[in-house]
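Please read the structure below before turning to the comments.
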There are 2 protein chains.
Amino acid sequence: MTGPDERIPQGFARDAEGRLLIAGVAADAWAEMAGETPLFLYDPALVAARLGALRRALPSGVLLHYAVKANPFPPLLARMAGLVDGFDVASEGEMRRAIGAGMPPASISFAGPGKRDRELSAALQAGVAIVVESAGELARLKALATAGDRRARVLLRVNPPFELRGSGMRMGGGARPFGVDHADAPDVLARMRDPCLDFLGFHVFAGSQNLDADAIAEAQRQTIALADRLAPHAPGPIRLLNLGGGFGVPYFPGDRPLDLAAVGERLGQAIADRPPSLAGTRFALELGRYLVAEAGVYLARVIDAKLSAGELFLVTDGGLHHQLAATGNFGTVVRRNYPVVNASRGGPPAGPAHVVGCLCTPLDRLAERLPLPETKAGDLIAVFMAGAYGRTASPEAFLGHPPPVELLAEPPQRA
Amino acid sequence: MTGPDERIPQGFARDAEGRLLIAGVAADAWAEMAGETPLFLYDPALVAARLGALRRALPSGVLLHYAVKANPFPPLLARMAGLVDGFDVASEGEMRRAIGAGMPPASISFAGPGKRDRELSAALQAGVAIVVESAGELARLKALATAGDRRARVLLRVNPPFELRGSGMRMGGGARPFGVDHADAPDVLARMRDPCLDFLGFHVFAGSQNLDADAIAEAQRQTIALADRLAPHAPGPIRLLNLGGGFGVPYFPGDRPLDLAAVGERLGQAIADRPPSLAGTRFALELGRYLVAEAGVYLARVIDAKLSAGELFLVTDGGLHHQLAATGNFGTVVRRNYPVVNASRGGPPAGPAHVVGCLCTPLDRLAERLPLPETKAGDLIAVFMAGAYGRTASPEAFLGHPPPVELLAEPPQRA
């Protein structure tokens with residue numbers, strides 16, 4: 001019942017009647033359970049499967065951290081707390097959610113270029129590891145730790161002299177607001193030699209959303225070499241090296257999934273070849289999108305089907321207020337369709353349609369010229385790749401519509 | 001105390017000490033009153049002045065409506081309820097805010113391409129005018145009105161065969177999800193001849209954010225001609241013609257403010273020359289951005305000043321979670337700086353700086369290579385043009401930071 005032009009990602013399928021199944025349950029049944037549309041569904045089995053694949057592919061002992069910013073839905077965090085080795089947070093609010101979801105503060109690290117004093121204090125108080133991003137921040141943190149008679153667990157974020165080639169977003173190489181330039185790191189490390197600080201190691205984030213295993217492996221190897229160069233300046237052994245993330249997911253036609261086996265093999269070699277300065281180091285990966293993006297689906301209901309100048313518009317109750325990235329309006333130069341299908345029925349395409357949101361703005365387009373079977377008001381539309389940077393990365397209050405429902409997609413086992 | 005490269009919009013100034021004044025009060029004093037940064041300040045005197053200028057320039061009798069989506073801050077709505085002739089809303093949530101702010105439901109109209117049944121019912125119940133956007137929506141509305149024994153006050157939104165030339169966003173001309181194609185309008189008008197409907201007139205919105213008085217005047221004249229062509233098909237006299245908006249504001253260097261006198265004069269002629277079919281028609285303009293954008297300032301505090309590869313980064317506690325459009329990430333192809341200044345001190349530029357937000361993403365840039373006086377941690381940065389499409393058009397939950405403060409900028413008269 002799958003149309004020839006359909007893009008249904010792995011982990012999802014249609015049943016014999018053509019209904020899209022999410023965690024084995026039809027989309028329409030999920031909407032009924034939710035009592036409302038639009039809704040986000042996150043399938044924890046897909047997250048667990050991805051983590052399992054990572055554990056198998058990566059060298060044993062590599063720590064897997066989840067970057068909460070990708071999706072901070074509390075029930076999802078609660079599930080992930082038992083599956084990953086740490087949470088990386090970027091605000092006091094995320095820190096509170098991480099602790100609330102059951103992650104021990106000792107396994108949380110807090111990065112971000114603009115941490116305020118009260119955020120530093122909260123992290124100190126909780127015992128969360130603080131990723132130091134500048135000499136100025138370090139001075140503030142030392143003053144707070146001394147005043148509060150607390151020892152701060154710290155990593156130094158280093159702005160590396162290289163970037164992760166071909167990344168969706170570059171975060172290293174050249175002038176950046178993140179971390180301390182590698183050239184300035186020795187000076188900052190000298191200032192970290194202080195009894196009020198418990199130095200853990202380094203954090204280096206060279207890019208994101210990358211599908212090239214070679215590029216990722218190369219950045220990881222460069223990160224290890226950078227840590228080795230900086231190790232003699234460090235106030236203590238490098239106990240932890242956060243290698244960043246950068247693992248991409250395939251959003252668009254032609255995108256090939258990341259070759260995880262290749263990444264794992266290359267990282268294994270790099271760790272085996274590591275310099276003596278890192279003999280006792282634990283290595284961590286910080287993954288957000290890669291863990292959750294593909295596990296999420298956004299369902300919106302068609303409110304109206306209308307023709308304009310011969311083109312079919314399917315107007316849904318969803319839109320950019322919930323799924324800004326899918327409309328191509330969040331840091332995107334050329335808009336391309338995310339995988340979008342009719343979730344209520346399959347079959348061969350009846351012709352192309354524009355799927356738009358309910359907002360009164362021409363920016364609100366979920367899919368353009370999409371091949372769809374004959375689609376009627378009341379049908380559900382599924383936008384895939386909605387598990388990361390969906391709800392919280394969207395202007396939810398724009399135009400005053402209600403918030404979306406969010407659900408863990410777990411079929412009711414016991415009736 | 002103003003630097004040579006500074007862009008401080010009309011309505012704002014620096015005092016003798018170089019502090020930015022907002023409604024006559026220094027920015028730092030506002031931040032102290034707010035008790036927190038970042039904050040949005042909206043100067044109601046500037047909104048009133050803009051409305052006064054519009055009333056003087058426009059032909060008498062033209063109704064001024066405010067498009068609530070531009071800024072739905074309730075205290076601002078309460079002020080504006082007494083200054084404009086109507087509110088235009090785009091969701092049930094906006095409708096409730098409009099009514100809550102004291103606007104009579106009879107002066108509210110509700111547009112939007114994806115109105116759900118429950119939104120139509122709420123509008124019917126409240127007596128708000130409903131802007132019909134499709135034949136399908138009309139059928140649903142008639143069923144609801146009949147079932148509820150309520151007469152619906154309706155306008156027909158027409159997708160015009162022309163666009164507002166050079167608009168920031170085109171909303172007419174070609175295939176659009178908004179309204180009924182002009183060619184299909186006679187058929188839909190025939191279906192509007194029904195005792196459950198009270199037909200008011202037409203709504204035509206041909207574009208937005210336009211600085212060209214000629215283009216606006218031409219679109220208005222074309223709109224009047226379109227209404228005349230459709231009038232014979234209407235179920236009753238055209239009592240109201242909503243001419244849309246499109247009035248732009250100058251965001252960027254080289255943008256020239258709209259010539260309001262020219263717009264008013266041309267509209268006066270067009271109304272004087274109107275066809276007999278529109279002899280008894282009232283004309284309305286629907287303005288959002290033009291009424292409030294320039295009245296708003298976003299203030300964020302510098303948390304850190306750091307050099308990277310020789311470039312200065314000022315890291316603030318604000319960012320794209322509050323002011324997405326200013327970072328160039330909301331439907332923008334080429335990012336340009338909004339007017340941004342140091343609000344705590346003036347003086348000649350000490351050199352260029354990047355002003356970034358506190359979010360851990362490279363998208364979070366409030367200004368690039370901005371000439372600024374020597375700026376220190378603790379200084380306030382002002383982002384102007386923040387009165388429209390600011391807070392609610394931004395992904396506030398992104399990265400879990402607290403919401404911004406919002407204030408009407410009215411100096412305390414009585415101590």
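In what follows, every chain begins at residue 1, and chains take the letters A, B, ... in the order their sequences are listed.
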Item to complete: Start with the C-alpha gap between A:S394 and B:E396, add the side-chain angles, then the distance that decides, and say whether side-chain contact (heavy atoms from CB on, under 4.5 Å) holds.
Response: CA-CA 8 Å; A:S394 301; B:E396 188 167 305; over 6 Å; no
Worksheet item: Passes side-chain contact (heavy atoms from CB on, under 4.5 Å), A:H401 versus B:E119? Steps please.
Response: CA-CA 10 Å; A:H401 288 280; B:E119 290 182 291; 3.6 Å; yes
Worksheet item: Does the pair B:R140 and A:I303 meet the rule for a side-chain contact (heavy atoms from CB on, under 4.5 Å), with working shown?
Response: CA-CA 10 Å; B:R140 290 189 290 127; A:I303 300 290; 3.3 Å; yes
Item to complete: Begin with the C-alpha distance, continue with both residues' side-chain angles, and end with the deciding distance and a verdict on side-chain contact (heavy atoms from CB on, under 4.5 Å) for B:R301 and A:R116.
Response: CA-CA 10 Å; B:R301 199 177 291 285; A:R116 311 174 189 209; over 6 Å; no
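Contact annotation for A:L320: only side-chain heavy atoms (C-beta onward) come within less than 4.5 Å of a heavy atom of chain B. Within the 4.5 angstrom heavy-atom criterion, only side-chain atoms of B:R365, from C-beta onward, approach chain A. Residue A:E133 touches chain B through both its backbone and its side chain, counting heavy-atom pairs closer than 4.5 Å. With a 4.5 Å cut-off on non-hydrogen atoms, A:P177 touches chain B through its backbone and its side chain both. Both the backbone and the side chain of B:L399 come within contact range of chain A, with heavy atoms under 4.5 Å apart. Residue B:F398 touches chain A through both its backbone and its side chain, counting heavy-atom pairs closer than 4.5 Å. Both the backbone and the side chain of B:N329 come within contact range of chain A, each with at least one heavy atom under 4.5 Å from a heavy atom of that chain. In this structure, no portion of A:R335 lies under 4.5 Å from any heavy atom of chain B. Of the two parts of B:D317, the backbone and the side chain both hold a non-hydrogen atom closer than 4.5 Å to a non-hydrogen atom of chain A.
Between A:S308 atom OG and B:H182 atom NE2 the span is 8.5 Å, to the nearest 0.5 Å. Once rounded to the nearest 0.5 Å, the distance linking NZ of B:K306 with CG of A:D184 reads 10.0 Å. B:F313 contributes atom CZ, which lies 12.5 Å from atom OG of A:S134 (distance to the nearest 0.5 angstrom). Atoms CG and CG, on B:D181 and A:L307 in that order, are 8.5 Å from each other to the nearest 0.5 Å.
A:L363 and B:F330 get closest at one heavy-atom pair: CD1-CZ, 4.0 Å. Between B:G174 and A:A309, the shortest heavy-atom contact is C-CB, 4.1 Å. Shortest non-hydrogen contact noted between A:P113 and B:C360 is CD-CA, 4.0 Å.
Highest contact tally toward chain A, considering only B:E94, B:E92, B:E311, is held by B:E94 [criterion: heavy-atom pairs under 4.5 Å]. Here A:V315 is the residue among A:V315, A:V89, A:D117 with the most heavy-atom pairs under 4.5 Å with chain B. Considering only heavy-atom pairs separated by less than 4.5 Å from chain A, the leading option among B:G179, B:A67, B:A70, B:A111 is B:G179. With chain B as the partner, the residue from A:V180, A:V68, A:T316, A:L359 showing the most heavy-atom pairs under 4.5 Å is A:L359. Highest contact tally toward chain A, considering only B:A90, B:G310, B:A393, B:G93, is held by B:A393 [criterion: heavy-atom pairs under 4.5 Å].
In terms of modelled atom types and a separation under 3.5 Å, the side chain of B:K69 and the main chain of A:G400 share no donor-acceptor contact.
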